[in-house]
Every structure is written in structure tokens, then in C-alpha cells.
Amino acid sequence: MIQRNVIAMSGRAVEAAGDVDVLLLDKTGTITLGNRQAVELIPVGGVSAQELAEVAQLASLADETPEGRSIVVLAKEKYGLRGRTMGSSEEAPEGMHFVPFTAQTRMSGVDFDGTAIRKGAPDSIMALVESSGHTVPSDLKASVDKIARAGGTPLVVARNGEALGVINLKDIVKGGIKERFAQLRKMGIKTVMITGDNPLTAAAIAAEAGVDDFLAQATPEAKLKLIREYQSGGRLVAMTGDGTNDAPALAQADVAVAMNTGTQPAREAANMVDLDSNPTKLIEVVEIGKQLLMTRGALTTFSIANDVSKYFAIIPAAFASTYPILNALNIMRLTTPQSAIMSAVIFNALIIVALIPLALRGVPYRAVGAARLLRDNILIYGVGGVIAPFIGIKLIDMLLAALHLV
């Protein structure tokens, strides 16, 4: 784990990672590249594109996310509006009060001169429009659905409780992520994508990425509920997160990886911290846990098989004189009872030293199911553990006899 820049708070967490059968992954930055960009502004209800661009830009002036900066840039480059560029430290106009995004409201915006501008998730903005006494434009839902079906993320913009249009945010699914999920599926691990997007967008991204299931419009309460549902069914759940609103779910998960750049509550709630702050590291953590269990299983199988073979060497030779019937089990035909015991002891000391590199390096990880791993362990380490002592102890006995040490 340390070699991969992951700090584990307990060995039990690493072991649990090997038994995980449900993996909760955040969409943004894990399954997708995480740099969603505004590519289109779609006005509704007779509003002009220029007016929508002005309002969307005002709502995004203090938004330091890639999405917020891209909205300002789109309004400037496509609609000729003046405004700060990406990375600019220009301050907002005087008198403006910016409203930050929260997981509960799922919207952000700005208030100034009696005007309230909001941009956010379609269902949240539509609820705001209706609660303000306005009617949701008939073409709004069609625009939202069109963007969502194409795998984009729609953000609705409203001014004083009146919907003005939709911002189309595009993200890209990471290359090779579908193959990684296919490997996890072979291992019997169910992958669940968590996103704040609406169900249509979530379904499109989930299908493209190849995840088994998804949780759309996820709130902290919804994440916690989902984890508890899986755990109540006897499943072990792994999750990654970085925000304060992820802390309850991280604390509930069996394996919780927090980002080093995340908030203090998230890091305290998790049982692992990724120093690289790479959300996809969760997949590697599960693989490390699997490798730990594979290595332990291989060594245990070899040890048990090894002991069974050693009994055939020691017991008949040691007790044959007292119980002659045991001579039938003396298939190794060792020289003397003393040589049998000494050969077994020497072989045991040598085999422990020989197994140390395997224990340190670990059994090579393979993305196969538990049944396949069990079969391979029995064939390689079980059969090998039975055969190796017969050969090793006999050779040591012959060497001791040749040197007249017994």
C-alpha cells in the first residue's frame, strides 16, 4: 500500500479490501476525466441566447470549478461578453453576493440589486421555478432530456424564479475504464457509479463506461442508505470520497479511501488515505487486498499439504518399532527413526526460508473468480505441498546417511 502512496489506518482495512464485492465510484474524475466543459447554451421560453449567456456568466463569476470557468469562457468567446477569463483573479462587481453550491440545494448562483440568479440541477431549478409561482417552459424538459440522453450534463439557469435556459456540459469517459470494470465483474465485484446527474445522463454514462449500476442525483443521505442496503444483504462495500458530505458514507463503508486533498472530516471518516488523491486508486486497493488473500491462501494451502506429507515421514519411522502395522505407511523408506525426524526438521527449516520471497512478493494478481482461484491454489500449492516434502525429506535422508550423520 505504501508503494502506491496509500496510507492504511489498519491492517483489517486492507484485508477487507480483498473481500469487497461492491465498489462505489464517483463519476467525475474517476469514471470520466472530470473536466466538464460548457459547449452550448440553449434558451427556452422565448429568451434570447444573448440574454441567457449574460445571466449564465453572472452566475458563474465566482464558480472556481472547471465547469464554472468554462461557462464564463463560452459566454465571452461565443457571445462576445466581457468577463474574467480562466485563472483570472478579477474580483466580482461590487454588491454581488455569491451563493455557493451545496449537495442539499444542488444549485449555486448570485444575488444583487434584488435579482436572484441560480444555476443547477434541472429538478432543483424546476422546483424553485414552481415554488416561485412561475411556470416551467414547455421546451425546457425536452432540452434537458436531449442533453441527458447524449451523455451530457444539463444545468438549468433561472432568474428571479423564472427559467431562462439550459447549459450543456460535456465530459469524456476515461479510456480503458470499461475493460477495468469487466475485470472486476469477472472477480465477482459489482460496480456502482455515484453521480449528481439526473437519471438519463447517469444511464448514458453508465452504459458507456460499463458499470453494473448507478445512483443518480446522489445526496449524502442517498449514499449512506445505499451502502446500508448492500451491507444488510451481506455485501462488503468499498467507497472513495473527498468532501465533507461524503464523510457519513465513508464512515459506513467497509473500505473507505479518502483523498489527501479532501476535507478533514472525509479523511477522519476513512480507513485509508490516498496521498496522490487519485479516485481510481480504489480499484488498485481492491486488487492489493485480493492479492493479500491470494497469497495467504496459497501459503496456507501449501503449509497444510506440507504437514500432511511430513506426517508420513515422521510417524511411521518413529513408531513402527512399537506398532509394526505402521510400517505399511512407511512409503518413503527412510534410514532410521532418527534420520526421519532430523530430515523433516531440516526440510521444514529450508522450506520456510524458500517461502519468504513468495510471502514478500505475493502471488501474482489475476482478475479471476474465487472458484478459479481456489482450484488453482489446490492444484499448484496443494499438490506441490504434498509432493515437495516426499522429495525433499528423502533427499536429505539420503544425504545424512551418506555422510554417516545418523
Side-chain angles (χ1 to χ4, degrees), residues 13 16-34 36 148-153 171-242 246 248-250 252-259 270 272 274 278-291 293-294 365-374:
D19 286 324
V20 161
D21 50 10
V22 177
L23 205 54
L24 303 184
L25 298 161
D26 189 50
K27 186 203 78 171
T28 305
T30 305
I31 295 173
T32 63
L33 293 177
R36 292 184 299 187
R149 287 194 182 95
T153 300
D171 202 350
I172 299 173
V173 173
K174 289 183 177 180
I177 197 73
K178 190 169 187 176
E179 289 72 20
R180 295 291 296 276
F181 290 147
Q183 289 181 336
L184 291 170
R185 195 173 297 110
K186 288 180 181 178
M187 295 162 55
I189 297 176
K190 179 179 181 179
T191 52
V192 181
M193 180 183 78
I194 299 178
T195 177
D197 292 333
N198 66 57
L200 285 176
T201 301
I205 296 294
E208 185 178 354
V211 295
D212 299 312
D213 201 356
F214 64 88
L215 175 65
Q217 297 174 337
T219 62
E221 295 78 13
K223 297 177 188 177
L224 187 60
K225 180 182 177 183
L226 180 65
I227 293 175
R228 286 174 174 169
E229 286 176 354
Y230 280 121
Q231 290 175 332
S232 64
R235 314 289 289 271
L236 263 69
V237 181
M239 178 186 171
T240 182
D242 59 0
D246 290 326
L250 287 171
Q252 182 66 35
D254 299 286
V255 177
V257 182
M259 303 298 102
M272 296 185 193
D274 177 21
N278 177 10
T280 60
K281 192 80 67 75
L282 180 58
I283 298 176
E284 293 183 39
V285 169
V286 172
E287 292 176 351
I288 293 169
K290 290 285 184 184
Q291 185 179 25
L293 295 181
M294 287 167 58
Y365 167 77
R366 292 175 300 149
V368 296
R372 172 78 180 274
L373 288 176
L374 178 62

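For the single chain, residues carry numbers from 1 onward in sequence order.
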Q231 versus Q252, side-chain donor and acceptor atoms under 3.5 Å: yes
Mind checking whether Q217 and N198 have side chains closer than 4.5 Å, heavy atoms only? yes
Taking only residues two or more places apart in sequence or in another chain, which ones pass side-chain hydrogen bond (donor to acceptor under 3.5 Å, both in side chains) with T153? R36, D197
Rounded to the nearest 0.5 Å, what separation is found between the CG atom of L282 and the CE atom of M239? 9.5 Å
How long is the span from the CZ atom in R235 to the CG atom in D19, to the nearest 0.5 Å? 12.5 Å
Who are the side-chain hydrogen bond (donor to acceptor under 3.5 Å, both in side chains) partners of E229, not counting sequence neighbours? none
From K281 NZ over to T240 OG1, what is the distance, rounded to the nearest 0.5 angstrom? 10.0 Å
Decide yes or no for Y230 and D21: does some side-chain heavy atom of the first lie under 4.5 Å from some side-chain heavy atom of the second? no
Tell me which pairs pass salt bridge (charged side-chain N to carboxylate O under 4.0 Å, His left out) where either residue lies in residues 211-224, with sequence neighbours left out. R185-D212, K190-D213, K223-D246
The reported gap from CG in L23 to CG in L236 (rounded to nearest 0.5 angstrom) is 12.0 Å
Whether the side chain of K178 engages the backbone of A209 through a donor-acceptor N/O pair (distance < 3.5 Å, no angle test) should be reported. no
Contact summary for V286 and I189, nearest pair of heavy atoms: CG1-CD1, 3.5 Å
Within the distance-only criterion (no hydrogens, no angle test), does the side chain of T195 pair as donor or acceptor with the backbone N or O of A202 below 3.5 angstrom? no
Which atom names give the shortest non-hydrogen contact between R149 and A204, and what distance separates them? O-CB, 4.0 Å
Which atoms form the tightest heavy-atom contact between A256 and A270, and what is the distance? O-CB, 3.3 Å
In plain terms, say whether R180 and E284 are close enough for a salt bridge, that is, a side-chain N and a carboxylate O under 4.0 Å apart. no
Hey, what do you get for OG1 (T191) to CD (Q183), rounding to the nearest 0.5 Å? 12.0 Å
Minimum heavy-atom distance D274-V257, with the two atoms named: CB-CG1, 4.0 Å
With rounding to the nearest 0.5 Å, note down the distance linking CD1 in I194 to CG in L24. 4.5 Å
